[in-house]
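Just below is one structure, and these are the notes that go with it.
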Number of protein chains: 2
Amino acid sequence: MDGPTTWQSVRAEAQRRIRTREWPPGAQIPHEADLAAEFGCARATVNRALRDLAEAGYLERRRKGGTRVALTPVRKATFEISIIRQDVEGRGQDYGYRLLSDALEPPPAPVRAALKLTGPAPLRALTALHLADDKPFCLERRWINPAFAGDDVRFDTVSANEWLVRNLAFSGGGFSFYATLADAELSGLLECAPGAALFAIDRTTFSEAQPITAVTLTYAPGYRMVTEI
Amino acid sequence: MDGPTTWQSVRAEAQRRIRTREWPPGAQIPHEADLAAEFGCARATVNRALRDLAEAGYLERRRKGGTRVALTPVRKATFEISIIRQDVEGRGQDYGYRLLSDALEPPPAPVRAALKLTGPAPLRALTALHLADDKPFCLERRWINPAFAGDDVRFDTVSANEWLVRNLAFSGGGFSFYATLADAELSGLLECAPGAALFAIDRTTFSEAQPITAVTLTYAPGYRMVTEI
DNA sequence: AAGTGGTCTAGACCACAAA
DNA sequence: TTGTGGTCTAGACCACTTG
């Protein structure tokens with residue numbers, strides 16, 4: 001005996017069959033019940049293994065339709081959205097934060113569109129600088145729905161980034177990553193040459209279909225966002 | 001009766017308790033057995049729900065240590081690594097591909113380091129251009145371990161990007177995203193102004209600890225990588 | 001040593017989609 | 001209509017870690 005069949009071992013064997021083309025791309029693979037019989041385990045164990053592979057993009061499963069090997073295995077990479085302070089400290093540098101401005105302003109059209117706002121109601125507009133070892137690390141330009149962070153919430157010492165992460169669990173939204181040029185304002189704030197290439201992230205956050213915040217994070221030159229799979 | 005308790009409903013209720021601070025950050029939550037009794041369901045159902053929340057970064061679970069609400073909920077975003085052709089076609093544009101060069105060359109030091117190569121053995125060096133509606137979309141500069149794609153594999157019409165995705169299921173590796181400036185060579189190939197800000201991705205791929213390929217994808221100006229959570 | 005999550009089993013019913 | 005995956009149950013044993 002070699003103990004009970006684990007779902008990891010079933011997954012590994014299924015991976016092997018996909019890699020070796022024993023189960024070629026597009027082909028239908030045996031039912032869970034058949035595989036359970038073959039591996040001598042419960043169907044739930046097979047289910048757990050195949051569900052894992054489907055989540056990773058290697059299999060496509062449909063009720064009644066059965067399970068097929070994905071024609072184009074979609075690699076899914078995950079990256080962690082950390083608080084900027086943790087990002088800096090994780091690099092072994094000292095973190096600093098400076099709030100540059102905080103006022104109510106009517107949002108420009110792109111921000112209104114990103115947050116799906118209809119009216120021109122003013123939003124709370126923040127500009128802040130995140131520092132690493134006293135040097136500019138990232139510029140944060142944020143628009144916040146005042147209903148979620150009124151005047152009583154102050155961002156002098158705690159960044160809006162951190163406050164929102166800690167106070168808005170379970171929200172959805174979108175990201176977009178792109179490159180942008182340092183204009184006069186950015187080069188001044190980030191203390192870099194005008195015309196430098198800067199990595200930037202636009203992010204919108206919703207909670208239960210309510211718009212919460214839109215933010216642009218522009219990083220100082222040389223920044224890389226790293227992840228593994 | 002309202003039917004069996006689903007793991008999704010358990011997860012939703014747990015989410016609510018975290019959001020409302022009924023389970024505050026850092027606090028230990030009841031055992032699976034207690035929650036199962038409270039919800040009137042099997043422990044496996046509670047386990048499925050809490051495991052899901054833990055994978056999303058909201059809970060931290062340890063055998064014997066119990067389950068705690070994460071102090072800093074790490075948001076995990078996932079993005080799909082698609083074949084560039086699909087990316088272009090998904091935008092409703094015509095895809096084109098042009099192989100610019102293909103030769104065996106000793107890799108430069110950064111590539112050797114990224115692939116953890118010890119010797120100076122030559123790699124297959126490819127340069128190719130991906131087109132959208134006949135305009136440059138993305139420049140691909142790739143180094144491939146010849147053991148995995150010898151001379152018999154030709155990349156005239158099928159991009160190495162696509163060939164590798166289709167032929168190397170189950171591989172690991174790393175990504176890094178950054179911004180870079182268009183130098184003379186890049187501006188010529190991507191038909192953009194010198195000094196433009198370009199979004200770029202470095203990627204390394206390993207299969208079973210064997211180095212497979214290192215690639216730099218440099219996108220034409222204006223490209224955004226988009227994802228949702 | 002003991003408590004907690006991780007997993008497996010065997011069986012059952014259900015939801016969905018294909019035929 | 002029917003076949004397939006999705007899920008729930010009740011019980012059991014095990015692995016890991018903390019005390």
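We name chains A, B, ... by the order of the sequence lines, and we start the count at 1 in each one.
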Rounded distance in Å - [atom1] ([X]) to [atom2] ([N]):
X: A/Arg48; N: D/dG5; atom1: CZ; atom2: C1'; result: 16 Å
X: A/Leu53; N: D/dG5; atom1: CG; atom2: P; result: 14 Å
X: B/Arg51; N: C/dG5; atom1: CZ; atom2: P; result: 13 Å
X: A/Trp7; N: D/dC14; atom1: CH2; atom2: C1'; result: 16 Å
X: A/Lys64; N: D/dT1; atom1: NZ; atom2: C1'; result: 8 Å
X: A/Leu59; N: D/dG6; atom1: CG; atom2: P; result: 11 Å
X: B/Arg63; N: D/dG19; atom1: CZ; atom2: C1'; result: 18 Å

Would you tell me if any nitrogen or oxygen in the side chain of [X] comes within less than 4.0 Å of OP1 or OP2 on [N]?
X: A/Arg62; N: C/dA18; result: yes
X: A/Asn47; N: D/dG6; result: yes
X: A/Thr67; N: D/dT4; result: no
X: A/Arg61; N: D/dG6; result: yes

Practice problem: Could you walk me through whether B/Tyr219 and B/Asp87 pass side-chain hydrogen bond (donor to acceptor under 3.5 Å, both in side chains), step by step? | Solution: CA-CA 12 Å; B/Tyr219 288 84; B/Asp87 194 356; 4.8 Å; no

Self-check item: End-to-end axis angle, where each axis spans five pairs of the helix from C/dA1-D/dT18 to C/dA18-D/dT1, to 10°
Solution: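 The end-segment axes of the helix from C/dA1-D/dT18 to C/dA18-D/dT1 are tilted 20° relative to each other.
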
Practice problem: Kindly indicate, with the supporting measurements, whether the criterion salt bridge (Lys or Arg N to Asp or Glu O under 4.0 Å) is fulfilled by A/Arg17 and A/Glu38. | Solution: CA-CA 14 Å; A/Arg17 294 186 185 183; A/Glu38 177 190 343; 2.5 Å; yes

Self-check item: Pair A/Arg142-A/Thr213, side-chain donor/acceptor within less than 3.5 Å
Solution: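 Note: A/Arg142 and A/Thr213 side chains meet the donor-acceptor criterion.
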
Quiz item: Do B/Ser176 and A/Arg224 have side-chain atoms, one donor and one acceptor, less than 3.5 Å apart?
Solution: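 Distance-only check passes for B/Ser176 and A/Arg224.
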
Exercise. Dump the intermediate steps for salt bridge (Lys or Arg N to Asp or Glu O under 4.0 Å) on A/Arg51 and A/Glu60, then the final yes or no.
Key: CA-CA 9 Å; A/Arg51 173 164 33 95; A/Glu60 291 173 359; over 6 Å; no

Quiz prompt | Nucleic acid contacts of residues 22-45 of chain A, taken as heavy-atom distances under 4.0 Å to DNA chain D | solution =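 The stretch gives A/His31, A/Glu32, A/Arg43 as the residues lying under 4.0 Å from the strand, ordered by number.
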
Quiz item: Does the A/Asp133 side chain pair with the main chain of A/Lys135, one donor and one acceptor, at a distance under 3.5 Å?
Solution: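 Here the side-chain-to-backbone pair does not exist.
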
Can you give the donor-acceptor pairs under 3.5 Å from side chains of residues 64-71 of chain A to other protein atoms, not counting sequence neighbours?
| residue | atom | partner | partner atom | Å |
| --- | --- | --- | --- | --- |
| A/Thr67 | OG1 | A/Arg61 | NE | 3.2 |
| A/Thr67 | OG1 | A/Arg61 | NH2 | 3.4 |
| A/Arg68 | NH1 | A/Gly26 | O | 2.7 |

Quiz item: Side chains of B/Met225 and B/Phe199: does their closest heavy-atom pair fall under 4.5 Å?
Solution: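 Result yes, sub-4.5 Å side-chain heavy-atom pair found.
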
Quiz item: How is A/Gln8 classified with respect to the nucleic acid when contacts are heavy atoms under 4.0 Å: base, sugar-phosphate, or nothing?
Solution: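 Since only primed, P, OP1 and OP2 atoms lie under 4.0 Å of A/Gln8, the category is sugar-phosphate.
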
Quiz item: Going by the angle between their ring planes, with limits at 30° and 60°, are B/Tyr95 and B/His130 parallel, tilted or perpendicular?
Solution: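 Tilted.
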
